[in-house]
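Throughout, a chain's letter reflects where its sequence line sits, starting with A, and its residues are numbered from 1.
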There are 4 protein chains.
Amino acid sequence: MINRVVLVGRLTRDPELRYTPSGVAVATFTLAVNRQFNNAQGERDADFINIVAWRQLAELCANYLKKGSQAGLEGRLQTRSYDNKEGKRVFVTEVVADNVQFLSPAGERREGSGSGGGYSNPPAGRRQDDFMNNDPFANDSRTVDISDDDLPF
Amino acid sequence: MINRVVLVGRLTRDPELRYTPSGVAVATFTLAVNRQFNNAQGERDADFINIVAWRQLAELCANYLKKGSQAGLEGRLQTRSYDNKEGKRVFVTEVVADNVQFLSPAGERREGSGSGGGYSNPPAGRRQDDFMNNDPFANDSRTVDISDDDLPF
Amino acid sequence: MINRVVLVGRLTRDPELRYTPSGVAVATFTLAVNRQFNNAQGERDADFINIVAWRQLAELCANYLKKGSQAGLEGRLQTRSYDNKEGKRVFVTEVVADNVQFLSPAGERREGSGSGGGYSNPPAGRRQDDFMNNDPFANDSRTVDISDDDLPF
Amino acid sequence: MINRVVLVGRLTRDPELRYTPSGVAVATFTLAVNRQFNNAQGERDADFINIVAWRQLAELCANYLKKGSQAGLEGRLQTRSYDNKEGKRVFVTEVVADNVQFLSPAGERREGSGSGGGYSNPPAGRRQDDFMNNDPFANDSRTVDISDDDLPF
DNA sequence: TTTT
DNA sequence: TTTT
């Protein structure tokens with residue numbers, strides 16, 4: 001039951017913000033965390049870690065982070081499997097964030113969109129993405145009905 | 001550069017101990033970490049996290065842990081990719097452990113083989129497994145020559 | 001804002017359970033965490049870390065942990081100061097736990113008192129201890145009125 | 001034996017760099033880590049955590065950090081006691097850092113002194129401070145001979 | 001003031 | 001004794 005991850009790194013792309021059928025916000029992005037030492041070719045290596053954030057934290061991330069932003073982050077490791085379009089079972093390991101600290105100077109962050117990072121309403125008429133049974137990090141979006149009971153917290 | 005994971009869980013199977021061509025020990029195993037809450041079906045869910053340990057720590061794990069052992073563990077998240085037998089690129093996320101605490105009572109652990117967990121020599125004439133360019137968690141073992149420079153530390 | 005601590009160790013004594021004037025439960029105890037290496041005298045050294053838990057978690061700790069119990073624990077570092085009986089300002093650093101995992105086999109833990117660790121009511125007519133403005137780890141208990149706004153969460 | 005701390009915060013003052021009698025570098029500083037929520041008076045609270053770094057890491061900290069610098073940091077919690085000038089035993093809890101990440105833009109950091117943070121030699125003829133048996137965070141410097149065996153790693 |  |  002102890003399952004804790006702490007990372008400091010930079011976003012490899014803008015966060016993607018989506019909503020479950022019942023309207024719960026989810027943000028996904030990848031954090032590049034540089035390794036301490038260079039590899040055999042003398043290059044600075046990095047690990048690329050997939051992050052998921054839910055609800056208000058999802059919207060804060062979408063509002064305040066963009067490609068290149070530096071962020072500190074806490075969460076837990078989660079493993080999931082889903083069937084890809086070829087019908088093959090794929091296993092993924094990702095970090096479900098529960099605390100994100102924005103480390104880039106305000107000017108280097110995305111604008112706060114006036115909302116102060118608050119809990120904005122999901123856009124009406126949005127497309128329903130199936131990011132629970134399929135991979136939220138892929139862009140594979142057959143519509144599937146998932147209940148909110150599937151949410152991790 | 002901050003990249004830290006701390007887990008407490010139980011091994012899903014005995015650790016697998018292998019050696020690089022140059023004789024460096026590597027142990028791999030999976031840690032089941034129970035989630036705090038039950039899922040929609042009322043079952044206790046768990047995350048199944050792949051662990052890699054190197055050198056002396058690999059041999060300690062192989063000597064003192066077995067299926068069902070409880071362990072606490074620290075390390076860093078690492079992402080790798082390799083090409084599977086179908087020639088498809090696969091991405092994996094795993095934890096490279098640098099500290100393992102054996103939490104099962106001694107009687108429930110594997111016997112220490114008299115070595116006190118010390119740095120036993122790799123068996124002469126062992127098969128060379130290729131677990132660096134391919135997935136150490138699969139049992140896919142075409143022989144490949146990797147140099148020790150590829151080792152993470 | 002990233003402030004995270006993870007520990008595995010053993011209680012040096014039974015947890016102490018107290019209540020604020022407004023009835024909020026607080027448990028305090030000390031966790032002995034062995035160091036990896038022996039000291040110059042060849043003895044196994046340990047660090048003795050003061051832990052505070054609030055509300056339901058306080059009562060779970062009081063119900064399920066006792067002197068010698070092994071526990072894993074997450075929380076945040078907190079610093080406080082208070083004036084001791086000599087009127088001198090004292091600074092303390094402690095861990096406010098938000099997740100505790102009981103690692104001792106059930107037989108070695110305190111009995112669960114039938115409550116399943118639930119949120120038992122504070123005993124009526126209990127003495128009001130002042131553990132906020134003074135040190136909860138001392139047994140210094142002049143009655144002081146603190147509001148619940150002082151609680152850390 | 002699991003004892004891990006991860007913090008992100010800002011230095012409250014320049015690091016202090018000292019040397020043991022045998023020439024080992026030690027840096028000490030305090031990290032202010034803001035709390036997530038404001039206190040009852042509406043002020044942003046913080047925790048002030050004492051940090052110790054040894055050897056090369058001590059010199060890196062002294063070279064690259066100054067008052068106000070933002071830093072991420074990993075380490076372990078350590079408790080110590082020493083006798084103050086009134087002959088009273090004092091207990092302290094501090095973090096022994098083993099990894100520090102400089103998060104302030106280079107311009108806001110102290111200049112690297114050309115050394116690239118390398119392992120500079122301790123200045124000859126330096127004063128011997130006794131920061132092991134007394135509190136390294138106070139400025140209490142009677143000369144005491146400590147052996148390097150007292151060093152934590 | 002310390003646990004196994 | 002505290003940082004932005």
Heavy atoms from C-beta onward define the side chain here; which of [options] lies closest to that of [X]?
X        : options                : value
Asn34(D) : dT3(F), dT2(E), dT3(E) : dT3(F)
Phe91(C) : dT1(E), dT1(F), dT4(F) : dT1(F)
Arg10(D) : dT3(F), dT1(E), dT3(E) : dT3(F)
Thr12(C) : dT3(F), dT3(E), dT1(F) : dT3(E)

Grab the [atom1]-[atom2] distance between [X] and [N] for me, whole Å please.
X         : N      : atom1 : atom2 : answer
Leu7(C)   : dT2(E) : CG    : P     : 19 Å
Arg35(C)  : dT3(E) : CZ    : C1'   : 14 Å
Arg80(C)  : dT1(F) : CZ    : P     : 16 Å
Leu11(D)  : dT4(F) : CG    : P     : 10 Å
Asp14(C)  : dT2(E) : CG    : P     : 16 Å
Glu94(C)  : dT2(E) : CD    : P     : 19 Å
Leu103(D) : dT4(F) : CG    : C1'   : 13 Å
Leu65(D)  : dT4(F) : CG    : P     : 14 Å

If you measure from the Lys or Arg side-chain nitrogens to the Asp or Glu carboxylate oxygens, is any gap between [X] and [Y] under 4.0 Å?
X        : Y         : value
Asp14(D) : Arg110(D) : yes
Asp98(D) : Arg4(D)   : yes
Asp83(C) : Arg89(C)  : yes

* To do: Looking at every strand, decide which applies to Gly68(C) at a 4.0 Å heavy-atom threshold: base, sugar-phosphate, or nothing.
  =>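 Sugar-phosphate, backbone atoms only, no base.
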* Quick one: do Phe91(C) and Thr79(C) satisfy side-chain contact (heavy atoms from CB on, under 4.5 Å)? Show the steps, please. => CA-CA 7 Å; Phe91(C) 293 87; Thr79(C) 54; over 6 Å; no
